[in-house]
Amino acid sequence: MVPREILVSSKCLLFTGDFLYRRNYFMDEKLQVANALSAALPDLTVNEIEEKIERPKDSNNGDYAFPTFFLAKSLHKAPQMIASELVEKISQDGFDKVVVVGPYINFFLDKANVGAGVLQTILNDPEHYGESDLGHKANVTIDYSSPNIAKPMGMGHLRSTMIGEAIARILEKVNYNLIRVDYLGDWGTQFGKMMAAYKMWGDSQEVQDGLKSDPINTLLQLYVRINTEADEHPEYTDAGREWFAKLEHGDEEAWRLWHWFRAISLERFQRVYDMLDVKFDSFNGEAFSAQKMEEPIQLLRDKGLLKKSRGAEIVDLDKFNLPPLLIIKSNGTTTYITRDLATALFRKRMYGHAKSLYVVGAEQEVYFKQLRMALKELGFNWWNQIKHISFGLMNLNGQKMSTRKGNVVSLEDVLNDSVDLARKQIAEKNPDLKNADEVAKQVGIGAVIFHDLKNYRRNAVNFKLEDVVKFEGETGPYVQYARARAESILRKGGIRDFSNVDLTQVGDGAWELISFLSQYGEAVKRAALNYDPSVVAKYALELAKKFNQYYAHNRILNDDPQQPARLALTQAVSHVLKSALALLDVKAPDEM
RNA sequence: GAAACGGUAGCUCAACUGGAUAGAGCAUCGGUCUUCUAAACCGAGGGUUGAGGGUUCAAGUCCCUCUCGUUUCACCA
């Protein structure tokens, strides 16, 4: 067996310099536990033992535990007995203690030394703490937000936008290279309708004024109007189709209108993206892909995959137990599917991605299965790089949010409301705060974002304003506040360079906190593997909670020899909280 | 009718590969600011994890049946 350095003394750790700065202490400590056990279990390899080692839920049961159930059969003994026999053969060197509790052998790590190592790692390189290399710099395209042109962004868009942004940031943390794409819904019959509506009613003074003050909602009103009146005037629908056909055939006026609608929409979207601090690498939407549709159609034809059915051309997916994919409608026009196939081909060619993620609502699950299978049928071996990151819908009073029904809550309004509320809180709690406006934005918007990300993404959420703008309990501001307190102490503590501080002096009361700090990287990995930002959000909440508890029970600014070590701990917590919040695209004000 | 996902405290949600007494927040009741920011901390009450069966030393977690809810099932995206 290759000897691995596992029993390095703390003094060595403290002064050995750069090479260990990203060392994951707890992984190594787990190996230490496995090695200790292997002396008593000669029939098992260290790896086999390591796999069985777990982390007790209750920290009173130690830092690592080894359950002995699985040995009961082969040894023909009760697990409790096995545990007490094994522990006799285990060296306690390097541990605070090793004890038997029923069928478990519980290991308590050397708190002072391991704790010092963890703090050292964080303080040496806070920017990179928690990073790992799952991605090897591979390219990942991520398609998220993707609003429709000429419709305002509602609360529903927050989900795709923030889940997408957070996943992108998390994947970057584990060394993927992200390409963020906002696949705008800027094509289709709906634009024909919009143009037809504008041509019919757009000259009125009311509309002209509206287009100046609130263009996107004015357009929306035109769109809603033509849709509602189309029931009585079927010719409106025909006019819409006609205008879309003009657009498809390159009619000059249609294109001029299209560009104009798109520009005013993008300008408005950008305001929201700026508030949320979300930046895309590409805004190539459906219109862009619409120009690339010949290739997938030709490929499907060449492979004999296109079949006539009910006057349309489809790809039959019966053998995958899926409904057919409608490629060409009975009236000869294409669908979003054709554009998505073109998009997939383009992205693969353009970015050479290792994964291609689509952050889209759960209601499109079947559709993405179809898309993957169609690519598989076409013989593209990268079909399974396409992943649908689905999320639960946002409802309003138990009803689906729908632009057409008008039961939509404006995202921008909610963000502004939340910022206003945060501003009021600041005026009340910290009236002397200098950059109150900036902090109000960070807190208000942070609360909205955090609320959207803290639960498992597949859960459906019912929109309730009072829940979204809550600043107490399990919220973004709770985490921000914990860090602001830490920063406040650090400002008063006077030390920012901890390189000469003896970190072993931090005290046993800090162990719970330090042990949790060491788990950050694992949490980030789990979030990345499951494409689940809520793992990071829960980690941040838990860390904030542990720090708040520590804060309440330990005086950090107490003039004693341990104070520098406690400040170092405070600094480490602040770093990790800021990092976790950043992964969620939530800002961390130093003061609030 | 079929499929996918879900049902955990009054409400909103946790529980990493099956593990030790199923945990938080909100709400309710009570306690803590002349000392590091009370957006906080401490305590109390609140549970047959939808129902039933099975596998296992061990099931909220895996399998089966039933039930309720949401979503989807080719010319919207």
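Chain A is the first sequence line, chain B the second, and so forth, proteins listed ahead of strands; every chain is numbered from 1. Everything numeric in this text was worked out from a predicted model, so none of it was measured.
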State which of [options] makes the closest approach to the side chain of [X].
X: A/Lys73; options: B/A14, B/C41, B/C57; answer: B/C57
X: A/Ile314; options: B/A74, B/C41, B/A39; answer: B/A74
X: A/Glu472; options: B/A40, B/A20, B/A4; answer: B/A40
X: A/Ser488; options: B/U37, B/C16, B/A77; answer: B/U37
X: A/Pro323; options: B/A77, B/C73, B/C5; answer: B/C73
X: A/Val101; options: B/A20, B/A40, B/A15; answer: B/A20
X: A/Asn459; options: B/A14, B/C5, B/C75; answer: B/A14
X: A/Leu557; options: B/A14, B/A74, B/C36; answer: B/C36
X: A/His553; options: B/C42, B/A77, B/A39; answer: B/C42
X: A/Lys329; options: B/C76, B/A39, B/A15; answer: B/C76

Considering only the [atom1] atoms, how many Å lie between [N] and [M], rounded to the nearest integer?
N: B/U65; M: B/C5; atom1: P; result: 14 Å
N: B/U17; M: B/C62; atom1: P; result: 10 Å
N: B/C64; M: B/U55; atom1: C1'; result: 11 Å
N: B/G7; M: B/G52; atom1: C1'; result: 16 Å
N: B/U61; M: B/G19; atom1: P; result: 10 Å
N: B/G45; M: B/A24; atom1: C1'; result: 16 Å
N: B/C11; M: B/C75; atom1: C1'; result: 43 Å
N: B/G6; M: B/C26; atom1: C1'; result: 22 Å

Rounded interatomic separation in angstrom, taking [atom1] from [X] and [atom2] from [N]:
X: A/Gln480; N: B/U37; atom1: CD; atom2: P; result: 17 Å
X: A/Phe69; N: B/A58; atom1: CZ; atom2: P; result: 10 Å
X: A/Phe70; N: B/U17; atom1: CZ; atom2: C1'; result: 15 Å
X: A/Arg458; N: B/G69; atom1: CZ; atom2: P; result: 21 Å
X: A/Glu365; N: B/C5; atom1: CD; atom2: P; result: 8 Å
X: A/Phe320; N: B/A3; atom1: CZ; atom2: P; result: 19 Å
X: A/Tyr478; N: B/A24; atom1: OH; atom2: C1'; result: 10 Å
X: A/Glu542; N: B/A14; atom1: CD; atom2: P; result: 15 Å

Do [X] and [Y] make a side-chain contact, defined as non-hydrogen atoms from C-beta onward lying under 4.5 Å apart?
X: A/Arg566; Y: A/Asn558; value: yes
X: A/Arg159; Y: A/Asp452; value: yes
X: A/Val359; Y: A/Thr161; value: no

So what does [X] touch, heavy atoms closer than 4.0 Å: a base, only the sugar-phosphate, or nothing?
X: A/Arg339; answer: sugar-phosphate
X: A/Ala484; answer: base
X: A/Ala460; answer: sugar-phosphate
X: A/Lys429; answer: base
X: A/Ala65; answer: base
X: A/Val443; answer: base
X: A/Glu51; answer: nothing

Counting only Watson-Crick pairs (N1-N3 plus N6-O4 or O6-N4) and G-U wobbles (N1-O2, O6-N3), all under 3.5 Å, who is the partner of [N]?
N: B/C11; value: B/G25
N: B/G60; value: none
N: B/C16; value: none
N: B/A40; value: B/U32
N: B/G69; value: B/C5

Please confirm whether the shortest side-chain N or O distance from [X] to OP1 or OP2 of [N] is below 4.0 Å.
X: A/Tyr551; N: B/A38; answer: yes
X: A/Lys492; N: B/C36; answer: no
X: A/Asn106; N: B/A20; answer: no
X: A/Lys470; N: B/C26; answer: no
X: A/Ser330; N: B/C75; answer: no
X: A/Gln549; N: B/A40; answer: no
X: A/Tyr481; N: B/A39; answer: yes
X: A/Arg485; N: B/A38; answer: yes
X: A/Lys545; N: B/G25; answer: yes
X: A/Arg55; N: B/C16; answer: no

Compare every heavy atom of A/Lys454 with every heavy atom of A/Glu474, then report the nearest pair and how far apart it is.
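Taking A/Glu474 first and A/Lys454 second, the nearest heavy atoms are O-NZ, 3.0 Å.
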Shortest non-hydrogen contact from A/Phe391 toward A/Ile163
CB-CD1, 3.7 Å
Going by centres under 5.5 angstrom and planes under 30 degrees, do the aromatic ring of A/Tyr104 and the base ring of B/A20 stack?
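It does: the two rings, one from A/Tyr104 and one from B/A20, meet the stacking criterion.
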Compute the ring centroids of A/Phe261 and A/Phe191, then answer whether they are less than 6.0 Å apart.
no
Does one side chain, of A/Tyr481 or A/Asn548, offer a donor that lies under 3.5 Å from an acceptor on the other?
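The answer is no; no qualifying pair exists.
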Is the closest side-chain donor-acceptor distance between A/Asp340 and A/Tyr367 under 3.5 Å?
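The answer is yes; a qualifying pair exists.
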For A/Pro56 and for A/Thr333, find the nucleotide of RNA chain B with the closest heavy atom, then tell me which residue's nucleotide is more 5'.
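The residue closer to the strand's 5' end, by nearest nucleotide, is A/Pro56.
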Let me spell it out: for each of A/Ile53 and A/Lys57, pick the nucleotide of RNA chain B with the closest heavy atom. Which residue's pick is nearer the 5' end?
A/Ile53
Ignoring hydrogens and angles, are the base of B/A77 and the side chain of A/Ser146 linked by a donor-acceptor pair under 3.5 Å?
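In this structure, the two groups form no donor-acceptor pair.
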Classified by glycosidic angle (syn within 90° of 0, else anti), B/C33 comes out syn
Parallel under 30°, tilted from 30 to 60°, perpendicular over 60°: which one fits the rings of A/Trp187 and A/Phe244?
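Correct class here is perpendicular.
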Is a salt bridge present between A/Arg491 and A/Asp590, judged by a nitrogen-to-oxygen distance below 4.0 Å?
no
